[in-house]
Amino acid sequence: MRNYAVGKFKKQFRPYFFLIVTLIFFRVGPVYSSQFLNDTEKLLSRIDLSANELEKVKQLSSSPDKAAAELLDYFRKRNSVKHFIDRSQKENFLGKAAGEKDLEMADNALNHIFVGQSAYPPYFCGDNIDWGTRPVADNEWVWQLNRMYFWNAMAKAYWHTGDEKYAREWCAQLVDWTVKNTNDNDHKYAWRSIEAGIRGHSWTELFQYFIDSPNFTPEVLVAFLNSMFDHADYLMTVYRSKSNWGLMEAEGMAFIAITFPEFKDAVKWRTEAFRRLNNEINLQVYPDGHQRELAIGYHLGCINWFLRTFELAKMNQLENMFPPSYLKTIELMCEVPMKLGHPDGTNAQFGDAWAGSPGQHTKRYLEWAEKFKRDDFLFLATNGEKGQEPDSTAYALPESGLYSMRSSWDNDAICLVLKCGPDGGGHCQPDNGTFELFAGGRNLMPDAGSFIYSGDPEGRRWFRQTKVHQTLTLNGENSKYAPKLVLWQPGEKLDILVVENQSYENLAHRRSVFFVDKRYFVIVDEAIGTATGTVDVHFQLAPGKVSINSEDLSVNSDFSDGWNVHVKANTQKDIQLLKEEGQVSFLYTKKEPRPAFCYSLEKLQNQDKVRFVTLVAPYESEVPDIKIQFGNSEIPGLQLNVNEGGVRKEIGYSL
Ligand code: CA
């Protein structure tokens with residue numbers, strides 16, 4: 001370990017240390033280790049000292065300690081670079097920068113009690129910090145430890161309270177981390193490319209928060225800037241295209257390059273980062289606006305990653321590095337949570353997505369409404385009080401295979417969101433045909449979610465299975481991704497969606513969804529092909545009581561107040577209603593049981609298809625009395641006769 005004049009020392013030695021330092025200062029001024037002088041020389045070799053503003057640093061470069069002090073002075077006075085974290089506003093943030101959670105996280109961090117993956121409790125990582133600490137089997141813990149989210153909390157706590165203890169400890173931890181985590185085989189936990197990218201972005205913020213502290217010494221500056229250089233230099237060598245990783249890598253590089261244009265390589269880094277973002281926005285975003293991994297959390301993250309670099313570039317007069325289409329695509333991406341979100345602002349949990357909390361996008365929509373001058377975004381941001389209702393109640397995102405049908409834009413609206421899309425990679429699940437149903441402020445049929453990423457492969461596998469989704473399986477096996485949109489026909493009284501997935505080599509699943517009178521859904525599932533075996537159509541409800549009637553093939557959720565859902569399949573020869581194992585996860589590492597069942601049929605040698613007709617009707621008081629029969633089979637397509645309490649109507653489509 002290198003020995004800086006001010007570094008990280010075991011706590012019991014600190015009082016003596018400060019006494020000794022004080023004595024040395026009085027006698028001979030600061031002493032610097034040869035390592036510090038070497039590191040300063042390295043840093044000066046990485047900076048373009050020919051700029052006028054750095055003339056003094058250049059002149060002092062033969063005495064690195066003085067040059068480092070001069071360089072710090074330069075950065076404190078510099079106002080040519082603009083950043084979201086505006087140092088001139090520091091005083092105005094007293095009492096306003098941090099929330100309770102930030103303060104708790106920051107105070108814990110003072111004592112080396114750190115948050116890794118935030119679903120797990122914070123953990124003490126030693127007086128002498130071990131940055132490779134693994135308190136749980138889940139690798140996400142140590143990976144996320146090395147994103148140091150608690151440093152951002154310390155930064156906010158510092159501006160919130162003005163208390164130097166946060167700055168002093170952050171400076172010590174920053175130096176400690178850089179000393180202990182060289183980018184080599186022994187420190188892979190700290191140097192996945194996304195952690196490097198995330199740090200590249202967040203450390204530029206931390207720089208803004210802390211540089212004016214007296215604890216931010218020339219030694220801290222040298223350690224910080226050398227590490228920033230190492231980060232950008234490394235990020236140049238890694239590029240995960242077509243993945244959200246590629247965006248975090250580029251963002252880290254862009255933020256370092258724009259915030260520190262003094263580096264000789266800054267223009268090179270910046271140019272490459274902008275090139276990648278311009279490239280990825282075309283590769284990763286479908287023409288319908290959805291990011292290709294098809295998990296809404298990553299989609300929203302990608303909006304940030306694309307937008308933040310653009311905004312920082314714009315603040316620093318570099319926006320002409322992005323064509324107008326770049327911002328247009330981001331605007332289209334911002335429409336996705338509006339088009340596919342539930343009425344309370346939560347999301348369908350497709351793939352590795354989380355439902356989130358009601359109203360979670362409100363702040364974002366307010367920002368986007370302003371940025372893109374969109375009345376419909378304003379409508380969402382203000383719960384309908386301002387702006388203009390979105391232009392439709394039904395949306396198709398045909399390339400990503402995501403569809404929504406809702407009864408209105410009211411909070412108690414009925415809303416069904418269905419997925420039948422291409423393979424989105426590791427954050428996607430083989431769930432084509434599945435859907436979520438929301439009504440009366442309640443998610444009646446939530447997707448199971450993803451539960452966990454790492455450390456419990458069996459748990460992760462369970463939640464990925466096709467058969468734990470609201471779709472059709474053959475012999476309970478996972479399906480393939482081979483989607484096709486057959487028909488999209490929204491209408492005043494009837495929305496029709498027909499999708500098909502070649503789920504298995506010899507079996508296609510065609511699902512026709514009719515949203516009748518904006519009140520209930522009729523779903524026709526057809527298993528078409530030469531395959532034989534057990535064909536099941538699976539459904540799952542929200543956690544809670546359930547009533548199952550095997551005789552008439554109906555299942556009702558049983559909430560004592562508010563809305564419920566009635567699911568009922570048409571009777572046919574040998575069809576069975578079977579209970580299944582049900583689980584749902586709304587939070588990382590947490591799961592709970594919920595009702596699950598399927599309608600089951602044997603598909604035999606001579607049958608070219610089997611089909612199921614299922615009513616899915618949300619209701620507030622009375623269980624709806626709706627009967628469905630097949631209509632004219634001569635017309636190609638699908639015709640149904642619906643009888644609701646004696647009132648008959650025909651619905652269907654021709655192909
Ligand atoms: Ca799922």
Side-chain angles (χ1 to χ4, degrees), residues 119 140 244 290-301 336-337 340-342 346-357 397 400-404 415-438 442-454 456-474 476-483 499 501 503 509 511 513 523 525 536-543 565 567 580-598 616:
E140 288 291 334
N244 65 82
H290 208 297
Q291 196 261 356
R292 63 180 297 282
E293 290 171 273
L294 301 182
I296 192 81
Y298 290 96
H299 174 86
L300 292 162
V336 170
L340 300 181
H342 289 310
T346 57
N347 312 305
Q349 298 203 114
F350 298 141
D352 283 341
W354 300 101
S357 50
L397 278 62
S400 43
L402 288 157
Y403 309 89
S404 72
C415 177
L416 181 144
V417 186
L418 184 143
K419 175 168 177 264
C420 187
D423 186 354
H427 292 301
C428 198
Q429 298 176 342
D431 54 4
N432 273 350
T434 198
F435 66 90
E436 281 200 1
L437 175 66
F438 193 100
R442 175 175 281 153
N443 196 334
L444 292 160
M445 296 176 133
D447 185 279
S450 55
F451 179 53
I452 202 162
Y453 277 20
S454 155
D456 181 1
E458 184 48 37
R460 183 162 175 81
R461 191 197 61 79
W462 192 92
F463 282 82
R464 287 192 85 248
Q465 298 176 100
T466 307
K467 68 180 181 188
V468 306
H469 292 88
Q470 306 208 97
T471 190
L472 179 146
T473 59
L474 175 66
E477 287 164 19
N478 282 351
S479 62
K480 296 192 289 187
Y481 300 96
V499 290
N501 191 58
S503 299
H509 172 208
R511 170 163 273 185
V513 180
I523 299 178
D525 290 295
D536 298 323
V537 179
H538 308 267
F539 295 96
Q540 303 94 30
L541 307 182
V565 62
V567 182
E580 297 195 296
E581 184 190 1
Q583 298 280 348
V584 61
S585 171
F586 296 113
L587 290 170
Y588 194 81
T589 72
K590 306 278 191 294
K591 59 182 174 181
E592 55 187 306
R594 48 104 161 243
F597 57 96
C598 71
V616 176

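When a ligand or atom number is given, it counts from 1 through the structure's own listing order.
Between the side chains of Thr473 and His538, at least one donor N or O sits under 3.5 Å from an acceptor N or O.
Minimum-distance N/O/S atom of His469 relative to the Ca ion (ligand 1): NE2.
A salt bridge is defined here as a Lys NZ or Arg NE, NH1 or NH2 lying under 4.0 Å from an Asp or Glu carboxylate O, and Lys419 with Asp431 meets this definition.
The Ca ion (ligand 1) has Gln429 among its coordinating residues (N/O/S atom, backbone or side chain, under 3.0 Å). Distances from the Ca ion (ligand 1) show that Asp447 has an N/O/S atom below 3.0 Å.
A cation-pi contact, defined as under 6.0 Å to the ring centre and within 45° of the axis, is absent between Arg460 and Phe451.
Taking the six-membered ring for Trp, Tyr453 and His427 have ring centres closer than 6.0 Å.
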